[in-house]
Each structure stands twice: as C-alpha cells, then as structure tokens.
Amino acid sequence: MAKQRHPAFVCQECGAVYNRWKGKCEACGGWNTITEEAGSASPMAGPVATRPSRAKGRIFPLEGLQGETKEAPRTPSGIAELDRVTGGGFVHGSIILLGGDPGIGKSTLLMQASAALAMRGERVAYISGEEAVAQVRLRAERLGLGQAPVELASETNVEDIIATLSQGRPPALAIIDSIQTMWTETVESAPGTVTQVRGSAQALIRFAKTTGTAVILVGHVTKDGQIAGPRVVEHMVDAVVSFEGDTGHHFRILRAVKNRFGPTDEIGVFEMSDQGLREVPNPSELFLAGRDMATAGTAVFAGMEGTRPLLVEIQALVAPSSLGTPRRAVVGWDQSRLSMVLAVLEAHGGLKLAMHDVYLNVAGGLRITEPAADLAAAAALVSSLSGNPLPPDTVYFGEMGLSGAIRPVAQEQARLKEAAKLGFSSAVSPQPRLEKSKNSKGERLPLATSAIGHITDLVANVAARRRKAS
Ligand code: TYD
Ligand code: MG
C-alpha cells in the first residue's frame, strides 16, 4: 500500500506538523522545538481506501440515550489511595497516562500495584523500556515483592510487546514504562520523537480496546511541568494521572488530571519509605506534623481535595525590603492569587506592604489550587506583618473577593469535621448562609466558628490579639 509521504517537520512539544522548518511553533509558541522527522507519513493522512466502501449508513443505536449500559467493569489494584484516584480501579480496556518527574516514584508505584494484582491471581505484565530485567527485579526484591508472579520484560518494540501480550489469556493490566522509549515499525521517525510516541500509543490503545487489558503508559515530565512528547497522547488516553511531590520531601501526591471513568479532583497520598511507597490514609496529620505554633505568620487552612478534607499549614513571611522592587515569592500556591490577596489587603485592609518582601509557602510541598485558601493566606500574611501569632487551635477558610468581602465556600461541614477530628476548637470562616451554629442542612457545626464577612474583620481580629497579649 502506497503511503502518502510528506516532508514532515513536527513540533516535539505539541505535535503540530509543518511542511517546512520554523524557529517557533505557531501552535504552542515553543522555540526550537520543531525537528524534521524523515519520511514519516502525515498523521492527517488516513489509510488509503483500496476497497469499495462497505458503509452501512446505520450508526445510531435504536434506544439512543435511554439504552441500557452496564457500569464499566473494573479491576481494583488493592492500593486504596491509587483506587481512589482512578475512581475504584482500572477500567477494563482503558488506557492511563501516568506522568511525573524522573525519580518521583512512578516505577515504584506501578511495581507495587502490579505485584498486588498478580498476587491476587490476575495476569499482569510489566514492560520496562528503561531498565534491564535484573534492575527491575532487584527493585521488586527490595520492596519485598520478589515472589509476585508479574510477567517482566525489558523491551521497546511495540509490535513485539503486543505479540507477546496477545499469547494466552489477555493480561488484566499491562505497564509500559515509559512511552518515550517505545518505537513502532509503522512509523519511520527516530524513537522518542512525537511521531513515534503517538504511533506507539495508538498501537497500544488499539490493543487495550480489543483485548480488554488496562494499559498504563508512563510519561516523563519536562521542567515546566508538561508531559513532554506524550502531551500529544493526552487526548487519546482515557485518564491522565500525575504523580507529584518534591524530591526533598518524602510524600507524594497522585492526582487525576483527566478521567473519563471517574472523578478528577481526588488525590491519593503516599509516603516514600525505604520499603517503597506507603499509603497515607490521613494526610492532614502528616501535613500538620512539626507545626510551629508560637511564631507569627502561620495559619492552618482547612482545604478540600475532591471529597477529602485536608488540613495544611500556610506560612508567610513579610519583611522590610532592601530592594527597589520588593520580592514576592510563593511555593505551593498561585502567584497571581497572592498578588490579588496582597492588593486587597492594601486597598481594603489598610496594610502597608509596598516596602516589604513577601514569601508564602504551603508546608510539606503540597500544591493548593482552591480559592478557599485566600482567607488562610491573608491571615498568615497579616499575622506575619503584625508579629502576632494566630491562635494555634483555629483553622481558616474562605474565598476573598476584590472588594475585600469574604465569600462562602463549598463543603463547610466536611472541613469543620476534619478540623474537629484533629483537635482544633474553632474556625474563622465566611458568614454562613443560615443560622450561626448550624449548617445549611440544619446540622450542628462540629466546632465554634467565628464568621467574618469582610477582610477588615480579619485585620481587626489579629490586631485584637496583640492588645490581649500585652
Ligand atoms: P522510581 O520509581 O525509579 O522513579 P521514576 O520511575 O518516577 O523515575 O523511584 C526512584 C526513587 O525512589 C529513587 O530516588 C529512590 C527512591 N526509592 C525509595 O526511597 N525507596 C524505595 O523502596 C524505592 C524502590 C525507591
Ligand atoms: Mg522509572
């Protein structure tokens, strides 16, 4: 069959195809990302029709949306924190992309999941394109999983892998570690190029869909947080899961970025130990461990990650600046969100911050995306500037508007319950919509809340603590 050939110049970041070289990719704005991929067929060119069409002209099922469909069958991994993120286990025939920085623990996590499944009698294949069989085996032994009957191979050719997996009973789970090392004979570009990654992923997706095997593709992440190359497969897979964490800290967060079969806001929390990854069923305890309660500038935020409440410490340092343009640095939170909170504190809270450096840190290396953290961040900032420590038994949550108004946030009850469980006795939170000591369903709130409606209340609150203390 004659393939339609194009001189293809492909952006290695986003996969955009050009017919001549350019310095800058117009699609993603990347510089020097376009390389020639010799002789590759244009991905736009579909298979050339050689037979007369057998199109039926009947593609709609009669029942439409009312038709009966069973819930997608799943295989739980047995690792609760992993199953929480996937939505209850690996859906048969689905394909998951697991991204993360090198060394974060992707191979470790997947080896543990494979072993757990294999121990329960499922057929599991672990294909490593990066490490030799001996290396993978050594790691499994260190993890105490040497006895698990996982089928292990070191291979990079997708056709060989699929031919091997197709023998006998289809595996329940196949791990491809990593997709960047795979190559397929159907594409002529060099391994590691976007075209190869896309071609290999396509072949593996077809295998997953036809056999019902759940396939996990490992993808490396570049410095700017993008899944390099495999970004082009993000839209082809059923779920994109990222494994995050700071290599300086021992815990890791598993987060679903996209999930066709489950939630995308759940996180799984693990701790890296010398025996591999350990599940952390109660992350708040972990994130609050070693908290300094006597120093000004720290506030505990009662947050939510999906359906799970999570308490974390937010630390702020506001110090006089020696620079013309004061420094603003933030770790674990959004930089523009910090700028907004600072602007509101200046405009409506009466704080003078223009001559101060401001540092904000979410303790433990967690990354917060919820706007509900505004109030906790503001409390930490006000506390640091004024030098008054906040009460150690209080949690903070609430979204701040540009007018300085504190707006209610979702799942108040769950946040308060978690705080009560961990020994906190009060909360500073937005004005509840109903009665003061009850929530919207009429249930009693599990701890005393002091509701504030405007940022000036917070500033007055913190200032009052100084008067009490002196
Ligand atoms: P790995 O799973 O190889 O990372 P990835 O596949 O994401 O590149 O994990 C490597 C790191 O994990 C390495 O720095 C050592 C550490 N580690 C432990 O701390 N304990 C363990 O039991 C194992 C297996 C690894
Ligand atoms: Mg690895």
Side-chain angles (χ1 to χ4, degrees), residues 77-79 81-82 85-86 95-119 124-148 150-156 158 161 173-183 191-192 197 200-201 204 215-231 233-234 237 239-257 267-280 286 364-365 367:
S77 67
I79 299 176
E81 294 292 305
L82 173 59
V85 174
T86 55
I95 190 136
I96 298 172
L97 178 67
L98 174 68
D101 288 326
I104 207 76
K106 301 180 293 298
S107 304
T108 308
L109 176 70
L110 293 176
M111 178 46 76
Q112 287 179 255
S114 312
L117 264 183
M119 292 294 237
V124 181
Y126 190 108
I127 317 291
S128 180
E130 302 191 332
E131 293 165 284
V133 168
Q135 252 175 308
V136 181
R137 202 180 283 145
L138 213 64
R139 178 189 295 121
E141 260 160 40
R142 269 192 49 203
L143 296 170
L145 303 169
Q147 301 306 313
V150 176
E151 292 177 29
L152 189 59
S154 175
E155 181 54 64
T156 55
V158 173
I161 292 170
L173 178 68
I175 314 274
I176 306 293
D177 188 2
S178 65
I179 186 66
Q180 276 110 329
T181 57
M182 296 294 143
W183 65 280
V197 166
S200 304
L204 290 161
V215 175
I216 302 183
L217 308 176
V218 174
H220 292 294
V221 167
T222 53
K223 282 190 291 304
D224 56 357
Q226 303 288 3
I227 302 182
R231 229 176 108 187
V233 303
E234 277 184 359
V237 299
V240 179
V241 176
S242 76
F243 205 30
E244 305 165 357
D246 193 309
T247 29
H249 288 103
H250 53 285
F251 60 84
R252 306 277 180 266
I253 313 273
L254 192 65
R255 196 189 289 272
V257 183
I267 62 165
V269 185
F270 295 89
E271 193 178 358
M272 184 59 99
S273 72
D274 49 355
Q275 273 130 41
L277 291 156
R278 208 177 299 139
E279 293 179 61
V280 180
L286 185 76
R367 185 168 54 82

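Ligands are counted one by one from 1 in listed order, and the atoms in each one are counted from 1 as well. Numbering of residues begins at 1 and proceeds along the displayed sequence.
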Just jot down the ligand 1 atoms closer than 4.0 angstrom to any heavy atom of R139, in number order. 3 (O), 24 (C)
Could you list the atoms of ligand 1 found under 4.0 angstrom from a heavy atom of M272? 12 (O), 16 (C), 17 (N), 18 (C), 19 (O), 20 (N)
Under 4.0 Å, counting heavy atoms only: does S273 come that close to any atom of ligand 1? yes
Indicate whether atom 15 (C) of ligand 1 is within a distance of less than 4.0 angstrom of some protein heavy atom. no
Just which atoms of ligand 1 are under 4.0 Å from any heavy atom in S107? 2 (O), 5 (P), 6 (O)
Is a donor on one side and an acceptor on the other found under 3.5 Å between the side chain of K106 and the backbone of S242? no
Any idea which protein heavy atom is nearest atom 25 (C) of ligand 1, and the distance to it? T108 OG1, 4.0 Å
Heavy atom under 4.0 Å from ligand 1: found in D274's side chain, backbone, both, or neither? backbone
Near L143, which atoms of ligand 1 are under 4.0 Å from a heavy atom of that residue? 22 (O), 24 (C)
Quick check: are there more than 12 heavy atoms from other residues, nucleotides or ligands sitting under 6.0 Å from CD of Q135? yes
Which segment of M111 sits under 4.0 Å of ligand 1 when only heavy atoms are counted: neither
Could you go through S154 and V136, starting from their C-alpha distance and side-chain angles, then the distance that decides it, and tell me whether this counts as side chain to side chain contact (heavy atoms under 4.5 Å, CB included)? CA-CA 9 Å; S154 175; V136 181; over 6 Å; no
Among G276, G144, G105, G103, closest by any non-hydrogen atom to atom 13 (C) of ligand 1: G103
Has G100 got any heavy atom lying under 4.0 angstrom from an atom of ligand 1? no
Could you tell me which non-hydrogen atom of E155 sits nearest to which non-hydrogen atom of M182, and how far apart they are? O-CE, 3.4 Å
N, O or S atom of S107 closer to the Mg ion (ligand 2) than 2.8 Å: yes
Can you tell if the side chain of D177 reaches within under 4.5 Å of the side chain of L110, non-hydrogen atoms only? no
Is there side-chain contact between L145 and Q112, with heavy atoms separated by less than 4.5 Å? yes
Which of the atoms in ligand 1, numbered in the order shown and given with their element, are less than 4.0 Å from a heavy-atom of R142? 20 (N), 21 (C), 22 (O), 23 (C)
Of all the atoms in ligand 1, which lie at a distance below 4.0 Å from a heavy atom belonging to P102? 8 (O)
Heavy-atom donor-acceptor pair, R252 side chain to I104 backbone, under 3.5 Å: yes
Looking at V158, V218, I127, I216, which hits side-chain contact (heavy atoms from CB on, under 4.5 Å) with I176? I127
Could you check whether any side-chain heavy atom of I95 comes within less than 4.5 Å of a side-chain heavy atom of V233, counting everything from C-beta outward? no
